[in-house]
A.B. asks: 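Could you have a look at this structure, given as structure tokens, before my questions?
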Amino acid sequence: MSTATTPLLTRGGGLAAPVRIVHLGLGAFSRSHIAWYTAHASDAATWGIAAFTGRRPDAAVQLQAQGGLYTVIERSSTADSFEVIGSIVEAVDGADVSRLRELLAARTTSVLTLTITEAAYATGPDAGHTAVPEQPVTPMGRLTSALAARRDAGSGPLAVVSCDNLPGNGAVARTAVLDLAHRWDPPLAAWIQENVSFVSTSVDRITPRYQPEDTTLVQSSCGYTDAVPVVAEPFHSWVLCGDFPAGRPRWEAAGATFVDAIEPFENRKLWLLNGAHSLLAYTGLLRGCSTVADALADPFCNQAMEDFWAEASLHLSGNELHIPEYLAALRERFGNTRIAHHLAQIAMDGSTKVRLRAVPVLLAERQAGRTGRGAATILAAWAACVGSSTQLQDPHTSALARAVEAEGAAQTAALLGVIGPELAADPRLVAVVHEQRLRIDAGSRDAGGSPTASPAGPATGTR
Ligand code: CS2
């Protein structure tokens with residue numbers, strides 16, 4: 001069916017729920033996860049989302065033309081199923097800060113959710129925040145400015161719910177917002193401390209980036225045109241920890257869980273899923289793979305992943321984590337060849353991601369008196385990718401460019417310094433990472449065949 005013959009997906013006369021959630025970071029993941037959970041909450045009819053884009057307005061324009069509706073294509077290893085999601089009732093260009101301030105100032109708004117990427121929580125001098133609150137250009141700046149509007153309107157407390165892959169993401173969001181508030185308007189910082197609850201969450205659903213063939217598939221399978229469908233795996237998980245002073249949807253009806261201590265769940269997801277993703281991304285790209293499933297099928301990448309998992313699992317205790325079952329599920333999820341999850345997408349923003357996904361395991365291993373070679377392999381593969389001609393998007397591009405001017409182990413040290421100066425200052429740690437880098441280089445030269453050495457190397461490495 002061609003676009004000309006299929007009607008555009010519209011809400012028609014269907015009722016939209018009132019806006020009670022404001023979301024920053026309207027992208028594919030927020031639609032396969034937060035909006036999906038909200039649509040499946042038992043009280044979905046009373047919880048609408050106004051979603052703001054990040055850098056570009058495009059997704060808002062396309063979604064608004066469809067009344068906020070879009071299709072989730074749930075893709076298992078054998079079949080696709082299609083569902084129209086209606087929880088987004090307003091899609092807005094992120095640059096429209098006055099609409100954001102207006103919505104946050106409304107007492108009816110109870111929750112603000114965030115998927116703004118890990119790098120967007122930085123507040124240092126390079127983070128791009130403006131010096132004045134009137135023209136915020138970053139998501140954190142926009143959020144802080146909108147919280148000032150809520151205070152001014154006297155609309156009372158609300159919950160800010162971070163859904164980015166950071167440990168303690170609620171606390172990190174709180175620190176970032178308070179930092180900006182202190183700089184811009186100190187009494188606002190006091191108001192935020194009193195009135196805003198920062199909820200930490202661990203989110204999970206593999207959601208590859210949009211491809212034009214997704215629209216074609218919806219046309220032929222569903223008989224309508226959807227310019228912005230989302231492909232996602234069937235698996236989904238959401239663990240939340242914190243208070244909702246102005247209420248929240250009954251997300252538990254859709255499978256969300258509320259816990260008192262989130263750290264073990266966060267670490268399990270960040271290290272085992274995201275850490276393995278980064279490992280597969282960098283080793284896989286170096287070995288000519290393009291998707292997660294391709295890299296999983298590559299013996300070198302696969303062995304490196306298993307070695308990292310064995311190491312990381314030593315630091316994940318507690319029966320409630322069910323590590324063997326979790327790993328078995330991950331092998332199956334990563335192996336879904338019907339999902340084209342591109343390594344290049346995962347490889348972006350690497351200096352921030354590997355700091356969160358690999359460094360904690362590396363440091364815990366070294367604290368335990370071991371080398372931490374499995375985690376070092378992630379850093380090594382990232383360094384090898386950055387050191388090669390691969391063009392990777394990163395929040396620290398200039399620092400990385402300076403670091404690659406060095407050569408050999410000095411280059412590895414300089415790259416590690418971009419992740420954390422304390423890493424570069426530890427010569428034995430640098431040596432372990434560089435040793436893994438040499439092994440990866442040797443494996444990658446072995447064009448597409450078996451690696452010349454096992455990814456983690458012999459049992460007695462440098463420490
Ligand atoms: C991925 C994540 O792009 C990445 O860095 O590791 O987006 C991952 O797919 C999700 O966290 C899965 O829940």
Side-chain angles (χ1 to χ4, degrees), residues 25-37 54 72 74-75 113-121 162-167 169 200-211 230-240 254-257 262 265-285 289-296 301 305 308-309 312 326-327 329-336 338-361 375 378-379 381-382 385 392-395 419:
L26 173 59
F29 179 75
S30 62
R31 293 187 290 125
S32 78
H33 195 277
I34 295 132
W36 183 92
Y37 271 90
V72 169
E74 193 173 286
R75 179 157 293 167
T113 52
L114 295 170
T115 52
I116 54 178
T117 78
E118 295 90 316
Y121 289 74
S162 170
C163 302
D164 287 291
N165 289 316
L166 291 154
N169 50 16
S200 281
T201 79
S202 176
V203 292
D204 194 2
R205 191 169 200 183
I206 289 172
T207 308
R209 180 176 280 176
Y210 169 81
Q211 303 290 331
V230 185
V231 171
E233 63 171 343
F235 179 94
H236 51 85
S237 144
W238 198 5
V239 186
L240 303 98
T257 50
I262 199 167
F265 298 98
E266 278 172 348
N267 289 346
R268 181 181 68 175
K269 198 267 170 166
L270 269 174
W271 300 349
L272 301 182
L273 190 151
N274 297 115
H277 255 178
S278 292
L279 178 55
L280 293 174
Y282 300 118
T283 53
L285 286 173
C289 305
S290 58
T291 66
V292 170
D294 289 346
L296 193 80
C301 303
M305 178 186 79
F308 172 64
W309 278 349
Y326 189 84
L327 292 179
L330 280 187
R331 288 183 193 100
E332 204 174 311
R333 293 170 65 193
F334 288 177
N336 181 349
R338 297 186 68 249
I339 291 203
H341 197 187
H342 287 280
L343 300 174
Q345 178 184 347
I346 298 169
M348 289 184 333
D349 292 350
S351 61
T352 303
K353 286 180 179 175
V354 298
R355 178 169 55 77
L356 301 165
R357 302 172 179 195
V359 172
V361 176
I378 302 181
L379 301 177
W382 166 77
C385 259
L392 298 174
Q393 177 193 302
D394 197 278
I419 300 174

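For ligands, and for the atoms within them, numbers begin at 1 and follow the listed sequence.
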A.B. asks: Could you tell me whether the side chains of Ser162 and Tyr121 share a donor-acceptor contact shorter than 3.5 Å?
C.D. replies: yes
A.B. asks: Which residues satisfy the side-chain hydrogen bond (donor to acceptor under 3.5 Å, both in side chains) test with Asp394, sequence neighbours excluded?
C.D. replies: Ser351
A.B. asks: Below 4.0 angstrom, N of the basic side chain to O of the carboxylate: do Arg333 and Glu233 qualify?
C.D. replies: yes
A.B. asks: Is Lys269 in contact with ligand 1, taking contact as a heavy-atom separation below 4.0 Å?
C.D. replies: yes
A.B. asks: Looking at atom 9 (O) of ligand 1, what's its closest protein heavy atom, distance included?
C.D. replies: His277 CE1, 3.2 Å
A.B. asks: Answer with yes or no whether His342 contacts ligand 1, where contact means a heavy atom under 4.0 Å from a ligand atom.
C.D. replies: no
A.B. asks: Do any nitrogen or oxygen atoms of Arg333 come within less than 3.5 Å of a nitrogen or oxygen of ligand 1?
C.D. replies: no
A.B. asks: Can you list the ligand 1 atoms lying under 4.0 Å from a non-hydrogen atom of Asn165?
C.D. replies: 11 (O)
A.B. asks: Report the part of Thr207 in contact with ligand 1, treating N, CA, C, O as backbone and CB onward as side chain, heavy atoms under 4.0 Å; options are side chain, backbone, both, neither.
C.D. replies: neither
A.B. asks: Evaluate the criterion side chain to side chain contact (heavy atoms under 4.5 Å, CB included) for residue pair Leu343 and Cys289; output intermediate values, then yes/no.
C.D. replies: CA-CA 8 Å; Leu343 300 174; Cys289 305; 3.8 Å; yes
A.B. asks: Out of curiosity, is His341 lining ligand 1, as in a heavy atom under 4.0 Å away?
C.D. replies: yes
A.B. asks: Determine whether the aromatic ring centres of His277 and Phe334 lie less than 6.0 Å apart.
C.D. replies: yes
A.B. asks: Taking atom types as modelled, find out whether Ser278 and Arg357 have a side-chain donor-acceptor pair closer than 3.5 angstrom.
C.D. replies: yes
A.B. asks: Taking only heavy atoms of Arg205, which atoms of ligand 1 are found under 4.0 Å from at least one of them?
C.D. replies: 12 (C), 13 (O)
A.B. asks: Report, in ascending order of atom number, the atoms of ligand 1 lying under 4.0 Å from any heavy atom of Lys353.
C.D. replies: 3 (O), 4 (C), 5 (O)
A.B. asks: Would you check whether Asn274 has a nitrogen or oxygen atom less than 3.5 angstrom from a nitrogen or oxygen atom of ligand 1?
C.D. replies: yes
A.B. asks: Below a 4.0 angstrom heavy-atom separation, can you tell me which part of Met348, side chain or backbone, both or neither, approaches ligand 1?
C.D. replies: neither
A.B. asks: Tell me yes or no: between the side chains of Lys353 and Asn274, is some donor less than 3.5 Å from an acceptor?
C.D. replies: no
A.B. asks: Return the closest protein heavy atom for atom 13 (O) of ligand 1 as residue, atom name and distance.
C.D. replies: Asp204 OD1, 2.6 Å
A.B. asks: side-chain contact (heavy atoms from CB on, under 4.5 Å) with Ser237: which residues, sequence neighbours excluded?
C.D. replies: Asp204, Phe235, Val239
